[in-house]
Amino acid sequence: MDAVNKFMMPSDFKTSTIEWFSQFNQSHPLMKISETYGQISIDNLFPSARIISETPVVNKNDFESYMRVSLQNHIAFNYTFNAACFGNKEFEKKTYRQVVDFFKYLESIGVDSITVTNPAVVEMIKTNCSALKVKASVILAINTPTKAKYMEKLGVDRMVLYEGINRYFQVIENIHKNVNCELELIVNTLCLKDCPFSSQHYNSLAHSKEYENFQDYYSRLCMFQKMDPVEFIKINWIRPEDIPLYNQVGIHNFKVRGRT
């Protein structure tokens, strides 16, 4: 029997979208939208890898309503807690307690997993919230079996592999053979191939909430590079017709990137 390919979709937090996804799943037995992802944007104490102003406007009540419909339609939710930097606040006693309480809240309303970039946060989840799964963010740049094994040993249940290896099938297969956890690839990455600015960009976004008129310098820098058609075509996106090639090296989880 052919394996099912699972797709992770950005959430618009509309219950009508979840209902449409459910109908899609019923009519496509070998292709399943298994998960949506995102985060609360109103009164959110914790940053993510995106500028809040560019994400759907969602408060706790909206989120809880969305979660109820998601659970009814058997579509999991992944909460993105994936800022590249927390300014070391994750090691302060007060913030630690706030983070753990927030994770327990997410667990209580049926969130399936949390995307993280921080090893300390992985330990917080595994120590305090046994029902929550952990997904390692693409920001961690997992691109070798060694890195993957470290993250699995820490307790990661699924990891999004570094976009830079999307077209290196032997590397992907070697990682798959060396870990037991699930692997996932982003199909529509927009980052430059081997982008030299990605670390600085992710750190910049992590602190964007601290500034009222934040200017995303790195997005503009990236955009100017991609005005060269050669740079654009080199980006590591995955063609739909190539999905079977990824199945052959052990990949059945695919993430559609985007928040807007």
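In this chain, residues are counted from 1 in sequence order.
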Is [X] salt-bridged to [Y], going by a charged N under 4.0 Å from an acidic O?
| X | Y | result |
| --- | --- | --- |
| Glu231 | Lys234 | yes |
| Arg257 | Glu163 | yes |
| Lys94 | Glu92 | no |

Practice problem: Quick one: do Tyr79 and Tyr105 satisfy ring pair (Phe, Tyr, Trp, His ring centres under 6.0 Å)? Show the steps, please. | Solution: CA-CA 12 Å; Tyr79 195 93; Tyr105 159 74; 8.7 Å; no

Quiz item: Among the clusters formed by ILVMFWY side chains lying less than 4.5 Å apart, do Val69 and Tyr66 turn up in the same one?
Solution: yes

Quiz prompt | Test side chain to side chain contact (heavy atoms under 4.5 Å, CB included) applied to Asn253 - qualifying residues, sequence neighbours left out | solution = Lys6, Met8, Arg158, Glu182, Glu184

Practice problem: Would you please name every residue forming a side chain to side chain contact (heavy atoms under 4.5 Å, CB included) with Asn236, sequence neighbours left out? | Solution: Asn166, Arg167, Thr189, Lys193

Self-check item: Pairwise side-chain contact, Phe102 with Leu106, heavy-atom cut-off 4.5 Å (strictly under)
Solution: yes

Quiz item: Under 4.5 Å between any side-chain heavy atoms of Asn247 and Asn5, yes or no?
Solution: yes

Quiz item: What residue among Ile251, Leu185, Ile238 forms side chain to side chain contact (heavy atoms under 4.5 Å, CB included) with Ile243?
Solution: Ile238

Quiz prompt | Phe81 and Phe103 aromatic ring geometry - parallel, tilted or perpendicular at 30°/60° bounds | solution = perpendicular

Quiz item: Looking just at side-chain N and O atoms, do Asn78 and Thr115 make a donor-acceptor pair shorter than 3.5 Å?
Solution: yes

